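To start, the structure under review is shown below, and the notes come after it.
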Amino acid sequence: MEMDELDLLYKTRLMLKEKGFVVLKEPVQEFYRNLFKFTGIGLGGLLNMAGKSAGQIAGKLLKELASLLETGTVSEIKRWEVTDKGVIVGVKGSVFSASQDSKKPMCIPLQGGFAGVMEAFFGGRWSCKEIECESMGEDTCTFEIRRE
């Protein structure tokens with residue numbers, strides 16, 4: 001089932017309404033400047049811990065948002081694992097492997113898509129290789145994404 005733009009926009013707005021809010025950057029920057037002015041640099045460790053915790057929450061929300069984007073290319077993201085070397089992603093229902101029997105992975109466009117997303121988010125060059133494919137009888141299409 002394909003999700004149209006209005007449906008995607010509605011679900012994104014609903015997610016923001018439930019889990020987020022819009023903050024203007026100038027007031028946040030001013031708050032941060034004053035926080036350091038009055039508390040000193042010793043606050044750095046605490047702010048780093050708070051930032052890491054917030055980043056983990058943001059990562060979970062981005063995964064949730066990614067699941068909203070499962071439109072016509074894949075039906076479900078089953079696995080998202082960060083490793084020392086990169087990220088392993090497993091998806092179900094790839095349009096490229098559907099109704100195919102093959103001895104080789106069939107989701108070559110997804111390989112490029114995943115690498116492109118990582119380049120857009122993190123910069124640099126990324127590569128992606130499909131290591132399992134539903135067309136080969138596997139449960140999921142699984143990809144290894146690595147920084148080059």
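This structure is a prediction, so every number in the text was calculated from the model and none was measured.
A side chain to side chain contact (heavy atoms under 4.5 Å, CB included) with Glu144 is found for one member of Val87, Val89, Ile131 and no other, namely Ile131.
Expressed to the nearest 0.5 Å, how far CD1 of Ile145 lies from CH2 of Trp126 amounts to 8.0 Å. Atom CE of Met106 sits about 11.5 Å away from atom OG of Ser99, to the nearest 0.5 Å. Annotation: the span from Met136 atom CE to Ser102 atom OG amounts to 7.0 Å, rounded to 0.5 Å. Atom OG of Ser135 sits about 12.5 Å away from atom CZ of Phe96, to the nearest 0.5 Å.
Listed by chain and residue number, nothing satisfies the side-chain hydrogen bond (donor to acceptor under 3.5 Å, both in side chains) test with Arg147 (two or more places apart in sequence, or in another chain). Under the rule for a side chain to side chain contact (heavy atoms under 4.5 Å, CB included), the partners of Lys85 that lie at least two apart in sequence or sit in another chain are Thr83, Arg146. With sequence neighbours left out, Thr140 forms a side-chain hydrogen bond (donor to acceptor under 3.5 Å, both in side chains) with Thr142.
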Atom pairs and distances, side-chain donor-acceptor, residues 109-118, under 3.5 Å, sequence neighbours left out:
unit_1, atom_1, unit_2, atom_2, d
Gln111, OE1, Glu130, N, 2.8

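In terms of modelled atom types and a separation under 3.5 Å, the side chain of Glu132 and the main chain of Asp139 share no donor-acceptor contact.
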Original post:
Does the side chain to side chain contact (heavy atoms under 4.5 Å, CB included) test come out yes or no for Ile88 and Trp80, once each step is laid out?
Top reply: CA-CA 6 Å; Ile88 297 176; Trp80 183 276; over 6 Å; no
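Looking at Phe143 and Cys107, their side chains come closer than 4.5 Å, going by heavy atoms from C-beta outward. Looking at heavy atoms from C-beta onward, Cys133 lies out of side-chain contact with Glu138 at the 4.5 angstrom threshold.
Sorted by first and then second residue, the salt bridge (Lys or Arg N to Asp or Glu O under 4.0 Å) pairs involving residues 96-108 (not counting sequence neighbours) form an empty list.
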